[in-house]
Amino acid sequence: MTPAVTAAPRPARPWLAPLMGLSFVAIWCTGYPAAKIIVGHSGPFTALTLRFACAGLIFALLALVSRVRWPGWREAGHSAVVGCLQLAMQFGGVYGAMRLGASGSFAALVIGSMPLAVSGFAWATGERISRLQWLGLMIGFAGVWLVIGNSLLDAQASGPAIVLLLVGLVGIASGTLYQKRHGSAIDLRAGLAIQNLAATAALLPLAIGVDHFHFDGTPVFWKATAWIVLVNSVGGFALLFLLIRNGAATQVAALFYLVPAVGALMSHFALGEVLTWLEVAGFFVAATGVWLGTRPARAAGAPPA
């Protein structure tokens, strides 16, 4: 029997959640160009093993210094499952696809459809999603297509690369929903330490067996790896952990519609890539979809906000 939905209490600081969401999107967007650089200097699974091992040790050290309560075996098991899905499966698919030639824009499009996948999984398992939220999700997806639709005309992706990206999509969608249901009640530092170390253990056999643990060790590789570890894994996933803990899975997932649009803006200002009016329109369409899709579902009988 599905438990009744109750109205969530109003946050004491209503501006904090939007600020965290925008900060997360900005940090997350830097990961695609950094990943493209890294896979040019190492095997994809090797790069991810190093990334998650470093991030896991950092979070474990923070947890030890802060003397947080480590979870029991059951809670730790839930966090390990999240790490295998949301980290190892998602990024293994994305990095592997980029190694096979998939463009960052194409990868962003596939992963950017995550909100619809999460909403479908959430709806199937009992989470209430309002008609307004469904409308917002559809509008956001249309905005994603507007932003990078032109780029897709030139982007080439092999069949195996597309399969890997779909594997990554399933990983992040199922991992986000699983964490909301089972893995977000423990301390952030302990939870992320377990998640990253579980992802390391899952990817290490692939790094050895497929990549032969190859990386060239150039300054470019180490700089990109440092960015991925400190900014994306430590900063980005700490924000994602907090967002999932404090919001419905569908609302958090809707933020991913902004990733391709913000990525296009970053590429325009940082790399001088051309930004078309169609892409600008797509940015505003995606933002509108996120605004609608992140509005909380109202409980039956509750007064309107």
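Numbers here simply count residues along the sequence, with the first being 1.
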Asp211 meets the salt bridge (Lys or Arg N to Asp or Glu O under 4.0 Å) criterion, sequence neighbours left out, with none

Q.
Can you confirm whether Val25 sits close enough to Cys29 that some side-chain heavy atom of one is under 4.5 Å from a side-chain heavy atom of the other?
A. yes

**Message:** Same cluster or not: Val39 versus Leu165, using hydrophobic residues (I, L, V, M, F, W, Y) connected whenever any side-chain heavy atoms lie under 4.5 Å apart?
**Reply:** yes

Here the gap from Ile228 atom CD1 to Phe52 atom CZ, rounded to the nearest 0.5 Å, amounts to 9.0 Å

| Residue pair Val167, Met89: steps toward the side-chain contact (heavy atoms from CB on, under 4.5 Å) verdict | CA-CA 7 Å; Val167 168; Met89 190 171 173; 3.8 Å; yes

- Task: Apply side-chain contact (heavy atoms from CB on, under 4.5 Å) to the pair Tyr178 and His78, showing each step before the final yes or no.
- Result: CA-CA 8 Å; Tyr178 190 94; His78 286 316; 2.7 Å; yes

Here the ring pair (Phe, Tyr, Trp, His ring centres under 6.0 Å) pairs for residues 203-233, sequence neighbours left out, are Phe215-Phe221, Phe215-Trp222

> Side-chain heavy atoms under 4.5 angstrom apart, residues restricted to Ile, Leu, Val, Met, Phe, Trp, Tyr: same cluster for Leu87 and Leu243?
Replying inline: yes

Here the pair of heavy atoms bringing Pro205 nearest to Ala201 is CD-O, 3.2 Å

Here the gap from Glu75 atom CD to Ile186 atom CD1, rounded to the nearest 0.5 Å, amounts to 6.5 Å

Discussion item. Test side-chain contact (heavy atoms from CB on, under 4.5 Å) on Gln86 and Thr176; report intermediate values, then the result.
Written reply: CA-CA 7 Å; Gln86 201 175 73; Thr176 298; 3.3 Å; yes

Taken in chain and number order and not counting sequence neighbours, the residues that satisfy side-chain contact (heavy atoms from CB on, under 4.5 Å) with Leu197 are none

Rounding to 0.5 Å, atoms OH (Tyr95) and CD (Gln90) come to a distance of 9.5 Å

Show the atom names and distances, to 0.1 Å, of all donor-acceptor pairs under 3.5 Å that link a side chain in residues 60-67 to residues at least two apart or in another chain.
from, atom 1, to, atom 2, distance (Å)
Ser66, OG, Leu62, O, 2.9
Ser66, OG, Arg189, NH1, 3.0

Taken in chain and number order and not counting sequence neighbours, the residues that satisfy side-chain contact (heavy atoms from CB on, under 4.5 Å) with Ile194 are Trp70, Pro71, Ala76, Ser79, Ala80

Rounded to the nearest 0.5 angstrom, the CZ-CD1 distance for Arg99 and Ile38 is 12.0 Å

Quiz: residues 229-241 side-chain donor-acceptor pairs under 3.5 angstrom, not counting sequence neighbours:
from, atom 1, to, atom 2, distance (Å)
Asn232, ND2, Ile27, O, 3.0
Ser233, OG, Arg51, NE, 2.7
Ser233, OG, Arg51, NH2, 3.3

All heavy atoms of Ile37 vs all of Ala224, minimum pair found to be CG2-CB, 4.0 Å

query: Taking a hydrophobic cluster as the set of Ile, Leu, Val, Met, Phe, Trp and Tyr residues connected by side-chain heavy atoms closer than 4.5 Å, whether directly or through intermediates, do Leu206 and Leu204 fall within one such cluster?
result: yes

Gly83 and Ala199 have their tightest heavy-atom pair at O-CB, 3.7 Å

Checklist line | Same apolar cluster: Ile58 and Val68, side chain cutoff 4.5 Å | finding: no

Original post:
In terms of hydrophobic clusters joined by side-chain contacts under 4.5 Å, are Trp28 and Leu188 together?
Top reply: yes

